[in-house]
Amino acid sequence: MGVRRTGGFVLALNPVLCDGFGHCAELAPDLVHLDEWGYPVLTGEPVPFSNLAARESTRYAVRGCPRQALRIERVNLSQ
Amino acid sequence: MIGADQLPRVLHGATGRPLTLAQHDEVFGPLGHAPSLDELRDSGLTGHGGAGFATWRKAQLIGDQRGHTKFVVVNAMEGEPAAHKDRTLIGANPHLVLDGAEYLAGVVGASRIAVCVSRDNPGTINHLQHAIHERERRTRRATSLELHTPPWRYVAGEESALVHWLDDNESLPQYRPRRPHVLRIGHAPALVDNAETCAHVGLIARFGASWFRSLGTETSPGSALVSISGAVSRPCVLEVAFATPLRTILARAGADRDPWAVLLGGYGGAWLDARHLDTPYDNDALAPLGSSVGAGVIIVLPKSGCGVVETQRITRWMANESARQCGPCAFGLPALADDLARLTSNGRDAAAARARLVDRCSAIEGRGACRHPDGVVRLVRSALEVFAEHIEDHVRGRYCAASHSSHHVAAVPSLEREAELVWE
Ligand code: SF4
Ligand code: SF4
């Protein structure tokens, strides 16, 4: 995006909107897995923006969610 | 004036009928202090609705919001079937609750007060209507008082669900990504406080913060209402000072002298083994035991009862009361109830069910929009711990007599939505 980003992000879920279609787990398998009822469990760990692969797959998941229940939240990574 | 270490406080002067405005003025005297946030902070009052959040912090958060209309919402929904404190309080001193609400309105700059009582509670609605009329007859006040009657559901009393109802006529909890979160009715920020909290504020408004602190401890000052039921000779609502030993409280209700355990905090609370009965009744002392004061409910389980069966019944009911918005709550809680049922009925997979309960508890925790599933997880975990030996007996096929009896300790309303649940 031109702008160099430091810091990181976490993936956040609105459980009210989510209907358990499970697309997110397919699109971002590193950050999301499904529980026994098919609802996503997020790792909740901050990911640095420098991890391009994770960033890309997360963006796919956010766009691919049919209920728009996922959101990327910026956080400061404290080292 | 009520003496500094005199009890009861919020139930002071109770006659069995709600006090009229004239009687109320006579018993409690005039409001002494102008609304001030500092007074609230010095008093150290925490919410009595279950979460135990500092009242002044909430008031500060709402006070800092801009907006020319603000609401104070008095939460007297009382979703816990075992809780009776709010209706007892309003049946005794409705004007004290309203005084507190007006004081809070003064602190945050609110122009409207909404009192919420569930519509299944006509007695309390009557008392409040009457009290509001009395106040309106006396003066035209700056703050308007309105009474709202949402339908009764366990989660309808959750603060975001209550505000959702006032905003949109839907008693469903809202998703709040960041906490603390400012709840809004339309654009107007809303301060939600439990009815008992308001009554304590009404007393702080008269007698001040240092008077308030003369009972209880540093972190839990004042007194609290507790609803005691189960194996007691007089199921009742008592007002006790914080840090009173549990055994003393139980004795006042005429409880079984040698119980097995007590359920503290309500249906989203935790079991406490009877060997801890000398613990003081306040959050600091109870926290290391995994318990808390919660919504002020104590249910006594006698030695002849079965904690597993009680937990199973409560969990089943709580699963039914889920608002079914969030998957882990809508599917996870019935799954917990099913596992608990396997522990209480003759079946071969009881051992597997016990292992599954542990896994499912950690799978569900913290994944709902509100704290409803977390409460159930807390209850189930505490049952697994407190009744561990007993569950072992069940797993080995040695069922207690109580698990087959139809006599139960915890009052659980009938499961009207059971059919719907099976169908889903
Ligand atoms: S894709 Fe969206 S709706 Fe589907 S499970 Fe994931 S978060 Fe839920
Ligand atoms: S966690 Fe349960 S009760 Fe709370 S909003 Fe979600 S579905 Fe409703």
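Here is the naming used below: chain letters follow the sequence lines, and residue numbers restart at 1 for every chain.
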Worksheet entry | Neighbour count above 12 (heavy atom, 6.0 Å) for A:Gln68 CD | no
Practice prompt. Decide if atom CZ of B:Arg381 counts as having more than 12 heavy atoms of other residues, nucleotides or ligands within a radius under 6.0 Å.
Written response: yes
Fill in: Side chain, backbone, both or neither of B:Leu172 within contact of chain A (heavy atoms, under 4.5 Å)
neither
Worksheet item: Closest heavy-atom contact between B:Ala369 and A:Pro15?
Response: N-CG, 3.6 Å
Item to complete: Ignoring hydrogens and angles, tell me if any N or O in the side chain of B:Arg367 forms a donor-acceptor pair with the backbone of A:Pro40 under 3.5 Å.
Response: yes
Discussion item. Could you report the tightest heavy-atom contact between B:Ala335 and A:Trp37, atom names first, then the distance?
Written reply: CB-CZ2, 3.7 Å
Item to complete: Would you indicate whether A:Tyr60, at its atom OH, is surrounded by more than 12 heavy atoms from other residues, nucleotides or ligands within a distance under 6.0 Å?
Response: no
Worksheet item: Would one find more than 12 heavy atoms of other residues, nucleotides or ligands at under 6.0 Å from atom CD of B:Glu170?
Response: yes
Item to complete: Tell me, yes or no, whether the heavy-atom count around A:Arg63 atom CZ, taken from other residues, nucleotides or ligands under 6.0 Å, exceeds 12.
Response: no
Fill in: Interatomic spacing from CG in A:Asp19 to CD in B:Gln325 - rounded to 0.5 Å
11.0 Å
Discussion item. Quick check on A:Asp35 against chain B: is it the side chain, the backbone, both or neither that has a heavy atom closer than 4.5 Å?
Written reply: side chain
Fill in: Contacting region of A:Leu13 [heavy-atom separation from chain B under 4.5 Å]
backbone
